[in-house]
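Mind looking over this structure? Questions follow.
Sequential numbering from 1 along the given sequence is applied to the chain's residues. These values consider heavy atoms only, across backbone and side chains, with no hydrogens, waters or symmetry-generated copies.
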Amino acid sequence: FLLYLLIGLAVILVQSGGEEVVFRGVLFRVWAAVSGSRWLTAAAIMTVFIALHVGNGDVQRDLALGLVVFVAGE
């Protein structure tokens, strides 16, 4: 069990790290260069990220709370 737990944690960390690099790193630099506004870019990226996760079951359980948590976390 411990081996599978460690493998699962490693995969989750790689996936989460990759998601952060893409959304907060690459997209922010590219979109900010195009739009000229860091605030507008941050809002757009946050909106896209939240939109991709709204369909998740844990977010759907309490949509308002889920959206508040996402916005606060972003």
Query raised in the report: Please, which pairs that meet side chain to side chain donor-acceptor pair (under 3.5 Å) have at least one residue in residues 32-45, sequence neighbours excluded?
Result: Ser35-Thr41
Query raised in the report: Cluster partners of Val14, using ILVMFWY side-chain heavy atoms under 4.5 angstrom, listed by chain and number?
Result: none
Report task. State yes or no: do Trp31 and Leu40 share one hydrophobic cluster built from I, L, V, M, F, W and Y residues joined by side-chain heavy-atom distances below 4.5 Å, directly or via other members? Result ->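 No, Trp31 and Leu40 fall in different hydrophobic clusters.
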Query raised in the report: How would you list, by chain and number, every residue that makes a side chain to side chain contact (heavy atoms under 4.5 Å, CB included) with Leu65, sequence neighbours excluded?
Result: Asp62, Val69
Report task. Could you list the residues that satisfy side-chain hydrogen bond (donor to acceptor under 3.5 Å, both in side chains) with Gln15, not counting sequence neighbours? Result -> Glu19
Side chains of residues 46-56: which donor-acceptor pairs under 3.5 Å do they make with residues two or more places apart or in other chains?
from, atom 1, to, atom 2, distance (Å)
Thr47, OG1, Ala43, O, 2.7
His53, ND1, Phe49, O, 2.8

Query raised in the report: With clusters built from Ile, Leu, Val, Met, Phe, Trp and Tyr whose side-chain heavy atoms come within less than 4.5 Å, directly or transitively, what are the remaining members of the cluster of Leu9, listed by chain and number?
Result: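 Besides Leu9, the hydrophobic cluster comprises Phe1, Leu2, Leu5, Leu6, listed by chain and residue number.
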